[in-house]
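Here the structure is laid out as structure tokens; the discussion comes afterwards.
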Amino acid sequence: MALAFDEYGRPFIILREQDQKTRLKGIDAQKANIAAGKAVARILRSSLGPKGMDKMLQGPDGDVTITNDGATILEQMDVDNQIAKLMVELSRSQDYEIGDGTTGVVVVAGALLEQAERQLDRGIHPIRIAEGYEMASRVAVEHLERISQKFEFDADNFESLVQTCMTTLSSKIVNRCKRSLAEIAVKAVLAVADLERKDVNLDLIKVEGKVGGKLEDTELIYGILVDKDMSHPQMPKQIADANIAILTCPFEPPKPKTKHKVDIDTVEKFETLRKQEQQYFDEMVQKCKDVGATLVICQWGFDDEANHLLMHRNLPAVRWVGGVELELIAIATGGRIVPRFQELTPEKLGKAGLVREKSFGTTKERMLYIEHCANSKAVTIFIRGGNKMMIEETKRSIHDALCVARNLIRSNSIVYGGGAAEIACSLAVDAAADKYPGVEQYAIRAFAEALDSVPMALAENSGLQPIETLSAVKSQQIKENIPFYGIDCNDVGTNDMREQNVFETLIGKQQQILLATQVVKMILKIDDVISPSEF
Ligand code: ADP
Ligand code: MG
């Protein structure tokens, strides 16, 4: 697009290659954009809540993902409309910042767009709607703060953290095991957390998965897990207080280089060579033993003879460990990676309280657990499950739970879920609308109505009558002036979310409202769309 002027100084717009472009202006542009945004939200709406549906997505190379996580669904969907991509971004930013609430944020944004469309039809200018939404979102965020509750926890008493993580997990495929998974997530976060500084480094929590076993076998390991086994089946399976030599040099006699020529023409010569090799290797083993190593972890392999010797000399070893894992082991155990044999010294050894090898079921697969490491707080969550899809989805669900636990450590305020917080905000925003004399009040009321879409979707997904259920709960909240009543999705028999223990983090909810408002404002302010026309 270019702006030019004719000879009288009158401006006009030039669209280059006009016949290949489409242009939407004014209200048409807004309508088209809103339609695109709403389409995305409609897809996610059915996935919201504990009774939400899952989506199955097939990638270009045929791999299948089954998930309930909003961010993942949108990520895997091949969206090519630019506005729809904004919704994908929206979900992603919620995922980055908070980790949970990725479906809810898109549902709220979709509802805001839908309400905006109605206001546009009434002839209200988009800027007025955007301003009204901005005011309303401020009211809602403040109100959330007001109805939030703080709870106390410490390293020994973390039941409330577990409850909040359970709310997150209850809407996932893995909700069968939500109690145990929530406990694992909370323990993992507490293990790496710095409660003084309210800081959690989630990078220290590694999430690994292996197909097989069942979800209940998922465990938390205070240490790291390496997908390797001892090099010889007769080596000890368990080493307490291990001193680990971490080697990147080959554990074998130097091979003659191809440039040299070794003539072996008699049996004696061969014997000497063999002896020498053996002796060389013997010295290497001795060197390891001298510095006090009780376990050797090598990046390279060694041959069967060496293996045999190691076994005899009682020095357990692990071979072919990848570089990344080697680094992790070094960090966790406080050891140094040794690239040359001569440099091996006692202070370079890593220390671990327990190293054990564990085999799984009837398979030959074994894994090495390195636990109670000296230096680091690193922990590993080891997921088991029937198939790869299940493990992947469990990883994503655990990620959500970890994020929720981390958020609670940063700020221990919660609001009540099941749509209770949204209904309370909707009432507050509706009441605030009356104070604004301008046309913005229509937009503010529309915002209040849009917030109701979350409890509506929750009710709808649970097979309840959405409007009836919502109005019942709403009137209950008004009558008793208590913001804890939400949708009873699981048919427990009470609407009181305190009794049901359905909590969500305050910052998560606030972020949802802020992000959704931001994106909707952005979409509303676009009044000219110029794009290459489709063929
Ligand atoms: P998101 O990706 O946005 O987290 P979810 O599918 O996890 O979406 O659904 C979250 C919604 O489900 C929240 O509004 C939460 O309050 C609600 N929810 C979770 N568990 C329950 C429950 N047991 N009863 C009622 N509502 C619940
Ligand atoms: Mg969730």
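Residue numbers run from 1 in the order of the sequence given. For ligands, and for the atoms within them, numbers begin at 1 and follow the listed sequence.
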Just jot down the ligand 1 atoms closer than 4.0 angstrom to any heavy atom of Gly417, in number order. 16 (O)
Does a donor on one side chain sit under 3.5 Å from an acceptor on the other, for Tyr416 and Gln500? no
Do Gly419 and ligand 1 have an N or O pair less than 3.5 Å apart? no
Closest to atom 3 (O) of ligand 1 among protein heavy atoms sits Gly104 N, 2.7 Å
Which bit of Glu422 gets closer than 4.0 Å to ligand 1, counting heavy atoms only: side chain, backbone, both or neither? neither
Between the main-chain N or O of Asp434 and the side-chain N or O of Gln441, is there a donor-acceptor pair closer than 3.5 Å? no
Can Asn495 and Asp488 be counted as having a side-chain donor-acceptor contact under 3.5 angstrom? no
Using a 4.0 Å cut-off to any heavy atom of Ser171, which atoms of ligand 1 qualify? 5 (P), 6 (O), 7 (O), 9 (O)
Selection from Val415, Thr103, Thr72 by shortest heavy-atom distance to atom 2 (O) of ligand 1: Thr103
So do Arg92 and Glu75 actually touch side chain to side chain, heavy atoms under 4.5 Å? yes
Please could you name the atoms of ligand 1 that Glu504 approaches to less than 4.0 Å, counting only its heavy atoms? 13 (C), 14 (O), 15 (C), 16 (O)
Note the single closest protein heavy atom to atom 4 (O) of ligand 1, along with its residue, its atom name and the distance in Å. Asp100 OD1, 2.8 Å
Give a yes or no on whether the backbone of Asn407 and the side-chain of Ser411 come within a donor-acceptor separation of less than 3.5 Å. no
Taking the side chain as everything from C-beta on, heavy atoms only, tell me whether Met522 gets closer than 4.5 Å to Leu86. yes
For atom 21 (C) of ligand 1, find the nearest protein heavy atom and state the residue, atom name and distance (0.1 Å precision). Pro50 CG, 3.5 Å
Distance-only N or O hit between ligand 1 and Ser170, under 3.5 Å: yes
Atom 9 (O) of ligand 1 has as its nearest protein heavy atom Gly49 N, 3.1 Å
Looking at Asn490, which atoms of ligand 1 are within less than 4.0 Å of one of its heavy atoms? 23 (N)
Protein-derived N, O or S atoms lying less than 2.8 Å from the Mg ion (ligand 2), waters not counted, sum to 1
For ligand 1, is there an N or O atom under 3.5 Å from any N or O atom of Val454? no
Contact check, Gly52 vs ligand 1, heavy-atom distance below 4.0 Å: no
Going by heavy atoms in the side chains, are Tyr485 and Met497 under 4.5 Å from each other? no
To the nearest 0.1 Å, how far is atom 26 (N) of ligand 1 from its closest protein heavy atom, and which atom is that? Gly418 CA, 3.2 Å
Does Gln518 have any side chain to side chain contact (heavy atoms under 4.5 Å, CB included) partners at least two apart in sequence or in another chain, and if so, which? Leu515
Would Val502 count as being in polar contact with ligand 1, using the rule that some N or O on each side must be under 3.5 angstrom apart? no
Looking only at side-chain N and O atoms, does Thr380 offer a donor or acceptor that is under 3.5 Å from a partner on Glu208? no
Asp100, Leu402, Thr505 screened by side chain to side chain contact (heavy atoms under 4.5 Å, CB included) with Thr168, the one that passes: Asp100
Ile73 versus Ser47: any side-chain heavy-atom pair under 4.5 Å? yes
Note: ligand 1 atoms sitting under 4.0 Å from heavy atoms of Leu48 are 6 (O), 8 (O), 9 (O)
With respect to Gly70, determine whether any N or O atom, backbone or side chain, lies less than 3.5 Å from an N or O atom of ligand 1. no
Ligand-residue contact atoms, ligand 1 with Thr167, heavy atoms, under 4.0 Å: 19 (C), 20 (N)
Intermediate values then yes/no, side-chain contact (heavy atoms from CB on, under 4.5 Å), Ile526 and Ile83: CA-CA 10 Å; Ile526 299 171; Ile83 297 295; 4.0 Å; yes
Working to the nearest 0.5 Å, report the span between CE of Met166 and OG of Ser171. 12.5 Å
For ligand 1, the portion of Asn68 having any non-hydrogen atom under 4.0 Å away: side chain
Tell me yes or no: between the side chains of Glu219 and Tyr369, is some donor less than 3.5 Å from an acceptor? yes
Hey, are the side chains of Val529 and Arg23 touching, using non-hydrogen atoms and a 4.5 Å cut-off? no
Pull out every atom of ligand 1 sitting under 4.0 Å from any heavy atom of Ser47, numbered as shown with elements. 6 (O)
Report the part of Val105 in contact with ligand 1, treating N, CA, C, O as backbone and CB onward as side chain, heavy atoms under 4.0 Å; options are side chain, backbone, both, neither. neither
Using the six-membered ring wherever Trp is involved, compare the ring planes of Phe151 and Phe503 and label them parallel, tilted or perpendicular (cut-offs 30° and 60°). tilted
Side-chain donor-acceptor pair under 3.5 Å between Glu393 and Thr67, yes or no? yes
Taking 4.0 Å as the limit for heavy-atom contacts, which would you say applies to Ile487 with ligand 1: side chain only, backbone only, both, or neither? backbone
